[in-house]
Participant: 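Here you go, one structure.
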Amino acid sequence: MTAGTAQKISNAALSCAAGGASFLFSLSALIYLTQVDQKIVAAFVAGAFCLLVSYVAAERPNSESARALAALSERLLAVEDGDLVSPAPPSVQRTMPKLAAAVDSLFAEVRASIENAHALGMYDPVTSLPNRLHFRSEADKLMSEVSEGQSAMLFVDLDRFKLVNDSLGHARGDQLLIMVANRLRVVVNAEYVTNARTRPLLARLAGDEFTIFFPQIETVAEIERVARRIALAISEPFELCSHSVDIGASIGVALSPEHGTSIESLMRSADIAMYHAKAKGGGQYCLFDAQLAADHQQRVDTEKALTEAVQRGEFVLAFQPQMSLVTGELVAAEALLRWNHPREGLRLPTTFIPIAERTGLVAEIGEWVVAEVAANLGSWQRNGFEGRLAFNVSPRQVERPDFFVKLRHAFGDAGVSLSSIELEFTESAAMEVSAPVLEEIASLRADGALIAIDDFGTGYSNFARLRSMPLDRVKLDPSLIADIETSEKARVIVQAVIQLIKGVECEIVAEAVETVAQADILRAMGCDTVQGYVFAPPMFEEEFLAWGSNARGRDAKSVA
C-alpha cells in the first residue's frame, strides 16, 4: 500500500464527511488491502474514520451521529484482532442505516477476498488439489495426531510427461495433469472407504509430482498394494483431444517411523525411492530401505567431493592403445578419465560420471579433459609422438554455446592439429544432438578431427541419422562381443552390425577385447581396430609412452 493510496482514502473520507455520503468510498481500496495485511486494513480504515469523526465532532460534538461514528471506529479497530464478522454497531444502524449497510457489505467482500486469497495460496490452481504448503501443514497435523502404528508416504512422479508438454503443448499437459489427479483421487477414495480410517491426504507438489500421505496403515503389504494400484491406474492410456497418450508413474514409498519420524524426512526418503524406481525403467514402485539410503548418501558425498576435485587436481588420464588388426600398428589411444579420490583411491568413470552428468559438473570436468589432452599431445608431439588421442564428449558439454570455440582454442594454443584428435560421442547423444551442433561437428571433421560413436549397440539408433552424421569410426559396445567365442547368436549379431557399419563407410573399433580368440573372430568378421587387455590395459602417461615406443613395429597380427 503506497502513501499515495492512503492519502486518497483520507481525502475520500473528508469528502464523504463533508457531503454526508454513505461509507462506500473505501470499498475497492479495502479489498486490495486485505490481500496484503489485515492489520493494515484496521490502521487505515480507523485513520480514515478518525478524520470523519473529528469533522463530525467539530460540527456537532454532542450529536448522536458523532457517538455512532465513534462506536463504528471502535468496531473497525476490532479488525486488527481478526473480527471480520460482527455487524455495524446498533447506533450506526439506527442513525445511519445506509452507512451500516455499506459497512456490512464491505466486510462481506473483505471476507470473500481473504477466503479467495487463502484458497489461491493453499490449493493447486490446475488440479484443485492441496499444494506443497497446504500438504506439509496438514500432513504435519495428521502425523502429530497418530500416537502409534505406521504411516506411509507415497511420492508419485509421472514418466514421459515432458514429451506430452513438448509435443502437445502446456495446455494439453495441464489437461493431462487434471486426468491424473482424478485417477489418483479414485484410488485414494477407494482406499479410504475400504479401510474406514483417517482419509489419506493427496496433493500436487509441483510439475508432474504428486504425494499421498496415509496417516495410518496396518501392514506394509497394504501400502504396496496401493502403490501397485496407482502404477496400474496411471499406465492406462489417456484420451487427450483425439490423442491416446501413454505415460506411467514411478512411485517411491516410505514408512514412519522406520524411514523417518517427520513429514520432511518421509518425503525425502520417498523421493529417493521414487528415483530408484525411475532408474529401473519407471512404471513401478520402490520401497525405501537401508541400501537406498546408503547409495543416496554415497551420491551426495560424491557430488560434494566432485565440486572441488578439479581445483584440487584430483583427476588424471590413463591411456589405452588401439591396435590395427590389418597392419598390426598402434593407430591411436583413448584417453580415459580417472579420479584419484583422496580417501577412496582411484575411481573409474562409472562411479562418478553419471552424478556429474546429473549435476552439470561434467561440463567443468570435460573442459579439464580437453585442456589435459591438448597439453599432453603438444608435449608428446614435440618429442616425436605421431599418434592420435581419442576422448569422450558429454552431451552436457556440446549444449554449451562456447564448447567448440574453447576446444579449438585449447588445441590451437597447444600447437596441436585437429587431425591428432578424435571426439567420441555416446550412441544416444549422437542421435539427439541438434542441427547446429551437427554443423559444428562437421566443421571439426572438415578441419581434420575424427568423429566416433562410442558404445554402439546399447541405445536407440536412428539409421537415417547414422547415414547423414559426419562420422569416421563406430566403437562396438563390450556387451556385443562378450560371448562371441561361445555363442553363435552373438556372432551372427556382431557380423550383422559390422556389415551395417561398413555400409555407412565407417571404421569399426571393438572395445574390451580380452582374449586372442575374440581378436581372431573379429578380424575374420572384418573388424578394423581392437582396444582391450588382449594387447594392453589403460596406462598412465609415462608407462604408456614407454609401451608405445616398444610397440612400434610390433605386429598385432602375430600377437593375435
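Count residues from 1 along the sequence. Computed from a prediction, not measured in an experiment: that's the story for all the values here. For the numbers below, each heavy atom of this structure counts, side chains included, while hydrogens, waters and symmetry mates do not.
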Participant: Quick check for you: to the nearest 0.5 Å, what is the distance between Ile251 atom CD1 and Asp157 atom CG?
Facilitator: 10.0 Å
Participant: Minimum heavy-atom separation for Ala181 and Leu129, please, with both atom names.
Facilitator: CB-CD1, 3.8 Å
Participant: Okay, side chain of Glu209, backbone of Leu205: is any donor-acceptor separation there less than 3.5 Å?
Facilitator: no
Participant: Can you establish whether the number of heavy atoms outside Gln311 located under 6.0 Å from its atom CD is more than 12?
Facilitator: yes
Participant: Are Leu287 and Leu255 packed together at the side-chain level, in the sense that at least one heavy-atom pair is separated by less than 4.5 angstrom?
Facilitator: yes
Participant: Would you say the side chains of Trp380 and Glu541 form a donor-acceptor pair under 3.5 Å?
Facilitator: yes
Participant: Does Arg204 reach the side chain of Pro130, with side-chain heavy atoms less than 4.5 Å apart?
Facilitator: no
Participant: Given side chains that start at C-beta, do those of Pro321 and Trp547 come closer than 4.5 Å, heavy atoms only?
Facilitator: yes
Participant: Would a 4.5 Å heavy-atom cut-off, applied to side chains only, mark Thr351 and Glu344 as touching?
Facilitator: no
Participant: Looking at Glu236 and Arg183, is any side-chain nitrogen of the basic one under 4.0 Å from a carboxylate oxygen of the acidic one?
Facilitator: no
Participant: If you draw a 6.0 Å radius around NZ in Lys162, do more than 12 non-hydrogen atoms from other residues or ligands fall strictly inside?
Facilitator: no
Participant: Side chain to side chain contact (heavy atoms under 4.5 Å, CB included) between Phe155 and Thr211: does it pass, once the steps are laid out?
Facilitator: CA-CA 5 Å; Phe155 201 109; Thr211 50; 3.9 Å; yes
Participant: Before accepting this row, confirm whether a basic side-chain N of the pair Lys502/Asp528 lies closer than 4.0 Å to the acidic partner's carboxylate O.
Facilitator: yes
Participant: Would you call Arg523 and Asp520 a salt bridge, taking side-chain N to carboxylate O under 4.0 Å as the test?
Facilitator: yes
Participant: Does a side-chain heavy-atom distance below 4.5 Å link Ser443 with Asp447?
Facilitator: yes
Participant: Hey, are Gln531 and Gln322 close enough side-chain-wise for a donor-acceptor pair under 3.5 Å?
Facilitator: yes
Participant: Rounded at 0.5 Å granularity, tell me how far CD1 in Ile353 sits from CG in Leu306.
Facilitator: 8.0 Å
Participant: Quick one: does Lys406's side chain have a donor or acceptor within less than 3.5 Å of a partner on Val370's backbone?
Facilitator: no
Participant: Identify the two heavy atoms, one from Ala293 and one from Phe288, that lie closest to each other, and give their separation to 0.1 Å.
Facilitator: CB-CZ, 3.5 Å
Participant: May I ask you to say whether Lys475 pairs ionically with Glu422, meaning some side-chain N is under 4.0 Å from a carboxylate O?
Facilitator: no
Participant: Are Pro395 and Glu432 side-chain neighbours, meaning at least one heavy-atom pair lies under 4.5 Å?
Facilitator: no
Participant: Between Phe352 and Trp339, what is the ring plane arrangement, given parallel below 30°, perpendicular above 60°, and tilted in between?
Facilitator: perpendicular
Participant: Are any side-chain N or O atoms of Thr302 and backbone N or O atoms of Gln298, one a donor and one an acceptor, separated by less than 3.5 Å?
Facilitator: yes
Participant: Does any donor atom in the side chain of Gln320 or Glu511 lie under 3.5 Å from an acceptor atom in the other side chain?
Facilitator: no
Participant: What's the shortest heavy-atom distance between Phe210 and Asp208, and which atoms?
Facilitator: CD1-O, 3.9 Å
Participant: I need the Ile247 CD1 to Leu240 CG distance, nearest 0.5 Å.
Facilitator: 9.5 Å
Participant: Tell me whether the guanidinium CZ or amine NZ of Arg358 lies under 6.0 angstrom from the six-membered ring centre of Tyr275 and within 45° of its axis.
Facilitator: no
Participant: Of all the heavy-atom pairs spanning Arg388 and Ser419, show the shortest one and how long it is.
Facilitator: CD-O, 4.0 Å
Participant: Could you walk me through whether Glu334 and Asn392 pass the side chain to side chain contact (heavy atoms under 4.5 Å, CB included) test, one step at a time?
Facilitator: CA-CA 9 Å; Glu334 182 179 3; Asn392 290 95; 3.1 Å; yes
Participant: Do Ser250 and Asp159 have side-chain atoms, one donor and one acceptor, less than 3.5 Å apart?
Facilitator: yes
Participant: Please check this pair: side chain of Asp472 against backbone of Ile451, looking for a donor-acceptor N/O pair closer than 3.5 Å.
Facilitator: yes
Participant: Quick one: do Leu168 and Val245 satisfy side chain to side chain contact (heavy atoms under 4.5 Å, CB included)? Show the steps, please.
Facilitator: CA-CA 10 Å; Leu168 300 180; Val245 177; 4.2 Å; yes
Participant: State whether the side chain of Thr307 and the backbone N or O of Lys304 hold a donor-acceptor pair below 3.5 Å, judged by distance alone.
Facilitator: yes
Participant: Measuring from Leu201:CG to Arg136:CZ, what's the distance to the nearest 0.5 Å?
Facilitator: 12.0 Å
Participant: Without swapping roles, check the side chain of Arg445 against the backbone of Gly448 for a donor-acceptor pair under 3.5 Å.
Facilitator: no
Participant: Taking side chain as C-beta onward, heavy atoms only, is Gln495 less than 4.5 Å from Arg491?
Facilitator: no
Participant: Side-chain donor-acceptor pair under 3.5 Å between Ser417 and Ser420, yes or no?
Facilitator: no
Participant: For the side chain of His341 and the backbone of Arg347, is there at least one donor-acceptor N/O pair under 3.5 Å apart?
Facilitator: no
Participant: Examine distances only and state if a side-chain atom of Ser269 and a backbone atom of Ser265 form a donor-acceptor pair shorter than 3.5 Å.
Facilitator: yes
Participant: To the nearest 0.5 Å, tell me how far Met153 CE sits from Asp271 CG.
Facilitator: 11.0 Å
Participant: Return the minimal non-hydrogen interatomic distance between Val416 and Gly378, and the atom names on each side.
Facilitator: CG2-N, 3.4 Å
Participant: Determine the minimum heavy-atom distance between Ile484 and Val494, stating which atoms define it.
Facilitator: CG2-CG2, 3.7 Å
Participant: If only atom types and distance count, is the side chain of Arg473 paired as donor or acceptor with the main-chain N or O of Glu507 below 3.5 Å?
Facilitator: no
Participant: Taking Arg396 for the side chain and Ala363 for the main chain, is one N or O donor matched with an acceptor at less than 3.5 Å?
Facilitator: no
Participant: Kindly indicate, with the supporting measurements, whether the criterion side chain to side chain contact (heavy atoms under 4.5 Å, CB included) is fulfilled by Leu154 and Tyr285.
Facilitator: CA-CA 9 Å; Leu154 271 63; Tyr285 77 92; over 6 Å; no
Participant: For a 4.5 angstrom cut-off between non-hydrogen side-chain atoms, does Leu330 reach Phe535?
Facilitator: no
Participant: Nearest 0.5 angstrom please: Leu317 CG to Phe540 CZ, how far?
Facilitator: 9.5 Å
